[in-house]
Amino acid sequence: MSANLVYALDYAKAQQAKIIGVVGRDGGYTAKVADACVIVPTVAADTITPHAESFQAVIWHLIVSEPRIMQMSNKWESLGAAK
């Protein structure tokens, strides 16, 4: 557990920000305080962190590819449009 993450979550709550989380275990602080939290099922005890972080990357890519928030085209899509 990271004390800095707990402080950040507490600060976000104090600012009335919405909190979303992607975690590798249920029962953690993020899962308790988040407005929405995805709990990645444990496949093997020795790979909890890599599996959770891999799923976080999927979520990041979904967010940055959302058409309503994209400031510019993705790299490869913008190159194809130039032809």
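Predicted model only: the values in this text are computed from it and were never measured.
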Worksheet item: In terms of heavy-atom contacts, does CD1 of I59 have more than 12 from other residues, nucleotides or ligands at under 6.0 Å?
Response: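 It does: I59 CD1 has more than 12 such atoms within range.
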For the atom pair [atom1] ([X]) and [atom2] ([Y]), what is the distance rounded to the nearest 0.5 Å?
| X | Y | atom1 | atom2 | result |
| --- | --- | --- | --- | --- |
| K32 | D26 | NZ | CG | 10.0 Å |
| L9 | S2 | CG | OG | 9.5 Å |
| I48 | E53 | CD1 | CD | 12.0 Å |

Fill in: Side chain T47, main chain A44, donor-acceptor under 3.5 Å
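Such a contact is found between T47 side chain and A44 backbone.
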Discussion item. For the backbone of A17 and the side chain of Q15, can you confirm whether one donor and one acceptor N or O come within less than 3.5 Å of each other?
Written reply: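 It does not hold such a pair.
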Discussion item. My understanding is that only residues two or more places apart in sequence, or in another chain, count here; which of them pass salt bridge (charged side-chain N to carboxylate O under 4.0 Å, His left out) with K13?
Written reply: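 Residues passing salt bridge (charged side-chain N to carboxylate O under 4.0 Å, His left out) with K13: D35.
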For the residue pair [X] and [Y], establish whether any side-chain heavy-atom pair is separated by less than 4.5 Å.
| X | Y | value |
| --- | --- | --- |
| T30 | L5 | no |
| V23 | C37 | yes |
| I39 | R25 | no |

Worksheet item: If two hydrophobic side chains count as joined below 4.5 Å and joins carry through other members, does I19 share a cluster with V6?
Response: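 Same cluster: I19 reaches V6 through Ile, Leu, Val, Met, Phe, Trp or Tyr contacts under 4.5 Å.
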Worksheet entry | Y11 reachable from Y29 in the ILVMFWY side-chain graph, under 4.5 Å edges |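 Y29 and Y11: separate clusters.
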Worksheet item: Which heavy atom of A34 sits nearest a heavy atom of G21, and at what distance?
Response: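 Closest heavy-atom pair between A34 and G21: CB-N, 4.3 Å.
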Practice prompt. Determine the minimum heavy-atom distance between T42 and G24, stating which atoms define it.
Written response: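 Minimum heavy-atom separation between T42 and G24: OG1-O, 3.7 Å.
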